[in-house]
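Heads up: the structure comes next, in structure tokens.
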Amino acid sequence: MQNFRKLRVWQRAHALTLAIYRSTKAFPAIERYGLSAQLRSAAISIAANIAEGCGHASDGSMRRHVQIATGSACEIEAELLVARELEYISAAAADDLIGQVVELRRMLITLLKAMTPSRGAR
């Protein structure tokens, strides 16, 4: 078990969550339970899954939680594209957030690769 708050990937996920929450404040009220809620849920899911994985004793469980976090990052990117096309968020703001998501996804994939045992090791 490790302290998730010390992980750079968790720190980035937390920062992204805050940025998503701030960005969705300006969404139309009709999206409160729609796109805004989906974006917020996916964002918090990344940081929460990293934290939960750190709280488990097995590497397999941690890998599974990082995989879920990676899926949530993909979800955010798709939802940001919709938000940009509907003009709920400016293109520049969407591109900035997507850049953060892409970088975070790279970090998650790197973490996954580091946790995956080599085929020769048994």
Side-chain angles (χ1 to χ4, degrees):
M1 181 166 81
Q2 53 187 310
N3 183 347
F4 65 87
R5 287 180 273 166
K6 292 184 179 181
L7 296 175
R8 283 186 45 235
V9 68
W10 181 85
Q11 293 168 1
R12 289 279 181 93
H14 181 71
L16 176 66
T17 300
L18 296 176
I20 293 288
Y21 267 74
R22 289 182 186 111
S23 295
T24 56
K25 275 184 187 179
F27 279 28
I30 194 168
E31 290 296 348
R32 178 173 294 144
Y33 302 108
L35 188 56
S36 178
Q38 286 294 116
L39 273 162
R40 288 175 173 203
S41 177
I44 197 71
S45 175
I46 298 173
N49 272 290
I50 295 167
E52 185 174 351
C54 286
H56 290 235
S58 77
D59 287 344
S61 180
M62 180 63 178
R63 275 194 303 275
R64 180 69 186 129
H65 282 86
V66 173
Q67 289 170 337
I68 294 167
T70 303
S72 293
C74 292
E75 179 183 347
I76 290 170
E77 186 174 355
E79 291 164 351
L80 285 170
L81 292 171
V82 171
R84 178 176 62 190
E85 290 170 22
L86 292 174
E87 298 179 349
Y88 293 165
I89 187 171
S90 71
D95 290 346
D96 178 60
L97 289 169
I98 289 170
Q100 290 180 50
V101 171
V102 168
E103 178 60 26
L104 180 56
R105 193 169 57 237
R106 280 191 202 119
M107 293 174 78
L108 290 164
I109 291 168
T110 299
L111 179 57
L112 269 176
K113 286 179 181 177
M115 291 187 303
T116 302
S118 63
R119 292 182 185 217
R122 293 188 193 242

| Roughly how far, to the nearest 0.5 Å, is NE2 of His14 from CG of Leu104? | 13.0 Å
| query | Is a side-chain N or O of Ser41 found less than 3.5 angstrom from the main chain of Ala37, in a donor-acceptor match? | reply | no
| field | Mutual orientation of the aromatic rings belonging to His65 and His56 [parallel < 30°, tilted 30-60°, perpendicular > 60°] | value | tilted
| message | The test is side chain to side chain contact (heavy atoms under 4.5 Å, CB included); show your working for Glu75 and Gln38 and say whether it passes. | response | CA-CA 9 Å; Glu75 179 183 347; Gln38 286 294 116; 3.3 Å; yes
| query | Just by distance, do the side chain of Thr17 and the backbone of Ala43 share a donor-acceptor pair under 3.5 Å? | reply | yes
| query | With a 4.5 Å limit on heavy-atom distance, are the side chains of Glu79 and Leu39 in contact? | reply | yes
| Heavy-atom side-chain proximity of Leu7 to Cys54 below 4.5 angstrom | yes
| task | Indicate the atoms forming the closest heavy-atom contact of Tyr88 with Pro28, along with that distance. | result | CE2-CG, 3.4 Å
| field | Heavy-atom side-chain proximity of Arg12 to Gln100 below 4.5 angstrom | value | no
| note | Of all heavy-atom pairs linking Leu97 and Ser23, the shortest is CD1-OG, 3.5 Å
| said: For a 4.5 angstrom cut-off between non-hydrogen side-chain atoms, does Ile50 reach Leu111? | reply: no
| message | For a 4.5 angstrom cut-off between non-hydrogen side-chain atoms, does Leu35 reach Val82? | response | yes
| query | Are a donor atom and an acceptor atom from the side chains of Arg40 and Thr24 found within less than 3.5 Å of each other? | reply | yes
| query | Are Leu80 and Asp95 side-chain neighbours, meaning at least one heavy-atom pair lies under 4.5 Å? | reply | no
| Do Val9 and Thr110 come close enough that some side-chain heavy atom pair is under 4.5 Å? | no
| message | Could you tell me if the side chain of Val102 sits less than 4.5 Å from the side chain of Arg105, heavy atoms only? | response | yes
| message | Check whether Gln11 reaches the backbone of Arg5 with its side chain - one donor and one acceptor, N or O, closer than 3.5 Å. | response | yes
| task | Any chance you could lay out the side chain to side chain contact (heavy atoms under 4.5 Å, CB included) test for Ile46 and Thr70, step after step, and finish with the verdict? | result | CA-CA 7 Å; Ile46 298 173; Thr70 303; over 6 Å; no
| Is Ile68 linked to Leu16 within one hydrophobic cluster, defined over Ile, Leu, Val, Met, Phe, Trp and Tyr using a side-chain heavy-atom separation of less than 4.5 Å? | no
| query | Checking Asn49 side chain against Ser45 main chain: does a donor-acceptor pair fall under 3.5 Å? | reply | yes
